[in-house]
Student: 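If you scroll down you'll find the structure; I have some questions about it.
Remember, it's 1-based here, ligands and their atoms both numbered in the order they're listed. One-based numbering along the sequence shown.
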Amino acid sequence: MAKLQAKYPGESEYLQAVQEVLESIEPVYNQHPEFEAAKIVERMVEPDRIFTFRVTWIDDRGEVQTNLGYRVQFNSAIGPYKGGLRFHRAVTPSMLKFLGFEQTFKNALTTLPMGGAKGGSDFDPVGKSDAEIMRFCQAFMLELWRCVGPDQDIPAGDVGVGGREIGYLNGMYQKLSRQYHTGVLTGKGETWGGSILRPEATGFGALYFTQHLLHKAGKDIAGKTVAISGFGNVAWGAVKKATQLGAKVVAISGPDGVCVVPGGMTPEMNDYMLEMRASNRNMVEDMAVKFPDKARFEAGKKAWSVPCDIALPCAFQNELSEEDAKELKANGCWCCCEVSNMGCQPGAIHYFQNNGVLFAPGKAVNAGGVATSGLEMTQNAAHLSWTAKEVDERLHQIMESIHEQCVQFGTQPDGSIDYVKGANIAGFMKVATAMLEQGII
Ligand code: GLU
């Protein structure tokens, strides 16, 4: 860590992600001198390569705009590079390195053969028209298409990139490459190679994982109150499945504040989240304006100020601080399943773990998204489409297996389960073994 800190000062998210994993794996690593001899950790913490490129496009006023684009190909030991694209004004190489690093372990947990990658741009979709989004995606693909391929690197969505953006990116990829296969991006539309349930998969998978975690703790999700941050694709799927399972989603939030929903989110409100995302306004207040008798907007507040049994961070890294964790606990919260990548700050995780709040990390909880991307790749390679039932069953099995891996590697001498350790050690063992077996490269 000291070496990395000196080498990459200021890359705080990347250093935070590496620190968490190294802390977890230390005892296991020390039991394997062959890992040390092959310098597995020193190799694993560095991305295989990073592509950086200029993306120039024209906005609706006819003005020329320039952004930066990136693809971080982190680790291919267990399969081709796989991971999403993030369009957000705060995107930096540090953010994408942390996400690519996390992705490597997460993808290993899915049981599918996928390496880790992440990409994106500092392009800010907020306030952009549909035509601007299309022109940006096309300009972005003018560079990205040379870095990716169905057996090399398969991007997908992430924050700011959903089905619409994947469509524009795929159209331009085909035009440039003259390759008409369906396998270079996942999260495609259902009529052109996309898997049924991929849009819902991250949220659904997170709730399946939560069910297993609660079951192990002798509890049930039905009748529980849930607070969710965000209102994008992940939060949308989480609200849908939580509601289907009989829980009551009492809060969703955005950068402008929180919408408190005392009676619980209804299917109509859940559907409206899609319109809110497509509008590019990035304001959760719109929900309270649309449903004034059901939702109350509180400006500047987080979802964590709303009393709940279960907290599900579904928005952005480091969105839940130690103070938020204390407020949640004081208001009766007893479980937090992190759905966003690294959504909880280290102080929050330690507070939860030391104060009897069940906690599981994003790389286990949210892996259903990329796992279903893996299922989409399988369908594409076989030139067929599975039914919703088939995809859902496989997603269920995968989330159960991830939970089992966490239990296997995370059970402590006192019988409690450290899900952070469990997920990190399980992912590490798989990637480290694959690297070791393939020699020093
Ligand atoms: N961006 C998602 C994640 O963080 C999905 C990646 C994918 O489907 O490739 O896992």
Student: Is it the case that more than 12 heavy atoms not belonging to Lys301 sit under 6.0 Å from its NZ atom?
Tutor: no
Student: Quick one: side-chain contact (heavy atoms from CB on, under 4.5 Å) partners of Thr378, sequence neighbours excluded?
Tutor: Trp386
Student: With sequence neighbours excluded, tell me which residues meet ring pair (Phe, Tyr, Trp, His ring centres under 6.0 Å) with Phe101.
Tutor: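 Residues passing ring pair (Phe, Tyr, Trp, His ring centres under 6.0 Å) with Phe101: Phe74, Phe105.
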Student: With sequence neighbours excluded, tell me which residues meet side-chain contact (heavy atoms from CB on, under 4.5 Å) with Gln19.
Tutor: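 If we apply the side-chain contact (heavy atoms from CB on, under 4.5 Å) test to Gln19, skipping adjacent residues, the hits are Met1, Gln5, Glu23.
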Student: At a 4.0 angstrom heavy-atom cut-off, what protein residues surround ligand 1?
Tutor: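 Contacts of ligand 1 under 4.0 Å: Lys82, Gly83, Gly84, Gln103, Lys106, Lys118, Ala156, Gly157, Asp158, Arg198, Asn341, Val370, Ser373.
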Student: Is the NZ or CZ atom of Lys219 positioned over Trp334's six-membered ring, under 6.0 angstrom from the centre and within 45° of the axis?
Tutor: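 Checked: cation-pi criterion met.
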Student: Does NZ or CZ of Lys118 fall inside the cone over Tyr70's six-membered ring, less than 6.0 Å from its centre and within 45° of the axis?
Tutor: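 The answer is no; the distance or angle limit is not met.
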